[in-house]
2 protein chains.
Amino acid sequence: MEVYTIKDIARELGISTSTVSRALRGSYEINPETKRLVMECAERLNYRPNPIALSLKGSASRAIGVILPQIANYFFSQAINGIEAIAYNRGYHVIIFQSQESYEREMANVQQAMSRKVDGLLMSLSSETSDVTHLQDVLDKNVPLVLFDRVSSELNVTKVVADNFGGAFAATEHLIRSGRRRIAHLTIQPWLSITQERLAGYRAALEQNGLEFDEALIRYGTFGPDEVGPMVDELMHLDSPPDAFFTASDRLAVGCLQALRQRNLHIPDDVSLIGFTNLNVADLLDPPLSTVVQPAQEIGQIAAERLIDQIERKLRALPIETVRIPTELIVRRSTRLEAVKL
Amino acid sequence: MEVYTIKDIARELGISTSTVSRALRGSYEINPETKRLVMECAERLNYRPNPIALSLKGSASRAIGVILPQIANYFFSQAINGIEAIAYNRGYHVIIFQSQESYEREMANVQQAMSRKVDGLLMSLSSETSDVTHLQDVLDKNVPLVLFDRVSSELNVTKVVADNFGGAFAATEHLIRSGRRRIAHLTIQPWLSITQERLAGYRAALEQNGLEFDEALIRYGTFGPDEVGPMVDELMHLDSPPDAFFTASDRLAVGCLQALRQRNLHIPDDVSLIGFTNLNVADLLDPPLSTVVQPAQEIGQIAAERLIDQIERKLRALPIETVRIPTELIVRRSTRLEAVKL
DNA sequence: AACGTTCCCGACATCGTTTGCGCAAATTAT
DNA sequence: ATAATTTGCGCAAACGATGTCGGGAACGTT
């Protein structure tokens, strides 16, 4: 388990380190025979180039940085899984940073990732982030950047997102078709791309079905603890309370389910509930929760692929684009009114 | 957002880099006035030492490596959360590696972590790992190592674990007290420390309550997909089938719940179910799931604290010990027979 | 006046690797 | 046979920071 350097190989073979280095990277100006010897020796000693030294030199560190709000979250942990799988296959390490939904920490994370000389950066923005100059700096330094899930329209980079509009549209339309008319939407910070897209899908479904969009039915969460209960209370005390809840995240869906049950509101008799979530136990809940599933792992995989493509073909600029992954509507009992009649 | 080096400060102040370096680390042999100037300049330029260069030099990299089987797992993602919180507070970065339950990958991860010159290593063993010489190598190189959750008795290092014996004992006793006599135990690979401890707790509870330990009621999972259904089928076709299931992990608990429901076995009328899990939606399941909760985040925190303590007080060897964090039994409807009578 | 101490600070080597340049030997062209 | 080219390889300088020397200036001591 000793760790050998290029020097060891050089000494072993009685040649210079430059020659070893060039031989290992297959330079044309090295004698094929020498190359063979070097390769053989490197193999024998189980030589692995020191990533630290490489990074310091400014060349590839074969590490990509991932900055996201929270690891302990169904969506993100699955996304990381996808990222890690691709990165591993293509020979990259993943260095993970959590912004904890803080703009401050996100900026610090970016700086640290840069000083660790990552070859590229994969990010999902914190909920506090509205200014993206720290990311523009990354781009200015020519470090590839791919955004996923929570993206910013102000940056001209590749983005990988779920079809938030389509998912929200489908969820809302499903609720309308099952007879709901007052559909509340619990969502997160309004300036986030995903919030806006989901809200737009929700609104479009309402309007295309001849229903009025009512701002009073929208609630914006802040990732605080136990914030869903009060929101539900407020909504249920409206003159015209909601008959359905459409939530925009894992946490909100679970919180809402909990709040509704605590208040003895029966689902789906009193109100329907549908979530935008990656909860893999959704069908084991009481009642089984209808959801719009976003393929978190796939989003992570595609984001990682795009990033590594960019890293490796730096010269030939790859097209900047927004990849939109379809979501899937899964109807379960929490929105299935007929089921109640059984 | 420019990034400055020690050279920039040296040039700015017309002094040498050595002086700047020493001034920054408060060496006694630098004129207080010079120190002040350097500090001030560093502050002004927002100087941050380059972690890569530090690592190369062999000194602290202020990064700790975390190697664990899977990120997308309730327990581990919460543990990472705890680790990251402590690491961040104490100025360390966290580099995460997933072994994907593979011994091969775990060894590769260890090598990579070492070549990235992490200051210390935090590990939970893959389910394939029985040989730990790769970790002994780490210790031989004087790199601090702390194991958590899945630990090995063959290594003389600090370990942080849940009270697996106590938790299993409590769960089993609870089942016995509620009238169960044939308690099946679904667990994971038998050579893992947590498996053995939980099994021992289960067995002790049985024997102290005058019940026979029956090997036929034990099933060992392998992290394969959909493996729980067949296990349940086998058990229910025994001459004397179980009247309760005690599962050793998140995945098994959820899988078991699903399997039992698919087979129309009513919980807890037909069989009770209790899990050893960190599922935070356990009380929203149908039925709400009794669990032994292990404080994943706390385990992560304590492990990180111990590791960083070891890193920073390398000289004075800290005591090696096994920290055992209490678990908590939470009884919900899945094991509450009386509740059925409502 | 000559010597020994302190006090500050700079030159240089170092970590592992890459890379520009140059140099000798081997090969080809004249 | 001499000149021009090619081939194969080594030297040394970087990357950013630290640490080992050692040296000059300003003291105090005989």
Side-chain angles (χ1 to χ4, degrees), chain A residues 2-39 41-42 45-63 111-112 114-119 141-143, chain B residues 2-39 41-42 45-63 111-112 114-119 141-143:
Chain A
E2 219 26 65
V3 57
Y4 294 97
T5 75
I6 218 169
K7 283 185 190 166
D8 297 311
I9 302 183
R11 186 163 6 85
E12 182 98 357
L13 266 46
I15 58 182
S16 80
T17 59
S18 339
T19 306
V20 175
S21 170
R22 274 184 279 248
L24 287 173
R25 39 196 48 253
S27 164
Y28 64 95
E29 51 177 12
I30 296 295
N31 189 320
E33 173 61 11
T34 313
K35 260 186 209 173
R36 205 189 50 71
L37 280 172
V38 171
M39 295 296 195
C41 183
L45 297 184
N46 189 29
Y47 166 79
R48 295 277 173 274
N50 181 325
I52 300 286
L54 289 179
S55 312
L56 185 55
K57 258 318 244 188
S59 48
S61 65
R62 296 200 82 77
Q111 268 226 356
Q112 294 172 344
M114 297 303 288
S115 69
R116 287 205 176 270
K117 291 248 197 304
V118 294
D119 291 343
K141 289 192 186 106
N142 255 322
V143 173
Chain B
E2 218 27 66
V3 57
Y4 294 97
T5 76
I6 216 169
K7 283 185 191 166
D8 297 312
I9 302 184
R11 186 161 9 83
E12 183 99 357
L13 267 44
I15 58 182
S16 82
T17 59
S18 333
T19 305
V20 175
S21 171
R22 274 182 288 248
L24 287 173
R25 45 194 44 257
S27 165
Y28 64 95
E29 50 178 11
I30 296 295
N31 189 318
E33 174 61 10
T34 312
K35 258 186 211 172
R36 204 190 50 71
L37 280 172
V38 171
M39 295 295 194
C41 184
L45 298 184
N46 190 28
Y47 167 78
R48 294 276 173 275
N50 182 326
I52 300 286
L54 289 178
S55 311
L56 222 212
K57 257 315 239 187
S59 47
S61 65
R62 296 200 83 77
Q111 269 225 357
Q112 295 172 343
M114 297 301 287
S115 70
R116 287 205 176 272
K117 291 247 195 308
V118 294
D119 291 343
K141 289 193 186 106
N142 256 321
V143 173

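Not measured: the values here are computed from a predicted model. Note on naming: letters A, B, ... go to the chains in the order of the sequence lines (proteins, then strands), and numbering restarts at 1 for each one.
Taking atom CD1 on B:I6 and atom C1' on D:dA17, their separation rounds to 6 Å, with Å as the unit. Straight-line distance from the CD atom of A:E33 to the P atom of D:dG8: 12 Å, rounded to whole Å. Straight-line distance from the CD1 atom of B:I9 to the P atom of D:dG16: 13 Å, rounded to whole Å. Spacing between atom CG of B:L54 and atom P of D:dT18 amounts to 5 Å, rounded to whole angstrom units. The distance between atom CG of B:L56 and atom C1' of C:dA13, rounded to the nearest whole Å, is 14 Å. Atom pair B:R116:CZ and C:dC15:C1' shows a separation of 16 Å (rounding to whole Å applied). In this structure, the CD1 atom of A:I52 is 14 Å from the P atom of C:dT18, given to the nearest Å. Distance CG (A:L24) to C1' (C:dT19): 15 Å, rounded to an integer number of Å.
Nearest-nucleotide positions on DNA chain C for A:R22 and A:Y4 put A:Y4 closer to the 5' end. Of the residues near DNA chain D, B:R48 and B:E29, the one whose nearest nucleotide (by heavy atom distance) lies more toward the 5' end is B:R48.
OP1 and OP2 of C:dT6 both lie 4.0 Å or more from every side-chain N or O belonging to B:Y28. The shortest distance between the side-chain N/O atoms of B:S16 and the OP1/OP2 oxygens of C:dC9 is not below 4.0 Å. Contact check, A:S18 against D:dG10: no side-chain N or O comes under 4.0 Å of OP1 or OP2. Look at A:S21 and you won't find any side-chain N or O under 4.0 angstrom from OP1 or OP2 of C:dT17.
With no hydrogens or angles considered, no side-chain donor-acceptor pair links A:S18 and A:S21 at under 3.5 Å. No side-chain donor-acceptor contact under 3.5 Å links B:N50 and B:R48.
Set against D:dC9, C:dC15, D:dC21, the side chain of B:K57 has C:dC15 as its closest nucleotide. Looking at the side chain of A:T19, the nearest of the listed nucleotides D:dG16, D:dC9, C:dT17 is D:dC9. In the set D:dG16, C:dC8, C:dT17, the nucleotide with an atom closest to the side chain of B:A53 is D:dG16.
Note: A:I6 CD1 to A:R22 CZ = 10.0 Å, rounded to the nearest 0.5 Å.
A:C41 is listed as a side-chain neighbour of A:L45, based on a closest heavy-atom distance under 4.5 Å.
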